[in-house]
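Working notes, structure below.
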Amino acid sequence: MLNLVKQLEADGVPIDGVGFQCHIIVDETPGTFQQMLEQVTALGVEVAITELDIRMTLPATDALLSQQQKNY
C-alpha cells in the first residue's frame, strides 16, 4: 500500500486519504500493521481503519476472548 500511494503521488494523482479494511484472525495480528499505518500517515495523507474485525473459532473461551481484547 505504501508503494502504491508513493507511485500515485509521483504520477500526480491527488491522494487525500487511505482506508483500510481489516479482517484478522485472533492472535494473528500482523506485527507490521502499525508501522505501515505510520509510514502512510507520514506521507501526509489521512489514514482510516474503515472496518476491523478479529474473528475466533467457536466456542469462545476466556483465553480467546482475552487474546481478542489484546489484539483490538
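In this structure, the side chain of E9 does not engage the main chain of P14 through any donor-acceptor pair within 3.5 Å. At least one donor-acceptor pair under 3.5 Å links the side chain of T50 to the backbone N or O of F20. Side chain of N71 to main chain of V26: no donor-acceptor pair is present (N/O by atom type, distance under 3.5 Å, no hydrogens or angles).
Smallest separation of non-hydrogen atoms from C22 and I49: SG-CG2, 4.1 Å. Pairing each heavy atom of V47 with each of L37, the nearest pair is CG1-CD2, 3.6 Å. Residue P59 comes nearest to L64 through the heavy atom pair O-CD1, 4.1 Å, listed as atom of the first residue, atom of the second, then distance.
Taking CG of L2 as the reference point, atom CD of Q35 lies at 9.5 Å (rounded to 0.5 Å). Atoms CD1 and CE, on I24 and M56 in that order, are 13.0 Å from each other to the nearest 0.5 Å. The line from CD of E46 to OG1 of T41 is 9.5 Å long, rounded to the nearest 0.5 Å. Once rounded to the nearest 0.5 Å, the distance linking CG of D53 with CD of Q68 reads 9.0 Å.
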task: Assess whether side-chain contact (heavy atoms from CB on, under 4.5 Å) is satisfied between V18 and M1, documenting all intermediate values.
output: CA-CA 9 Å; V18 176; M1 181 61 68; 3.8 Å; yes
message: Between D16 and V45, does the side-chain contact (heavy atoms from CB on, under 4.5 Å) criterion hold? Intermediate values first, please.
response: CA-CA 5 Å; D16 295 321; V45 298; over 6 Å; no
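In the hydrophobic cluster analysis, where Ile, Leu, Val, Met, Phe, Trp and Tyr join through side-chain heavy atoms closer than 4.5 angstrom, I25 is grouped apart from L65.
Looking at heavy atoms from C-beta onward, L52 lies in side-chain contact with Y72 at the 4.5 angstrom threshold. Counting heavy atoms from C-beta on, the side chains of K6 and L43 come closer than 4.5 Å.
Under 3.5 Å, the side chains of D11 and Q7 contain a donor-acceptor pair of N or O atoms.
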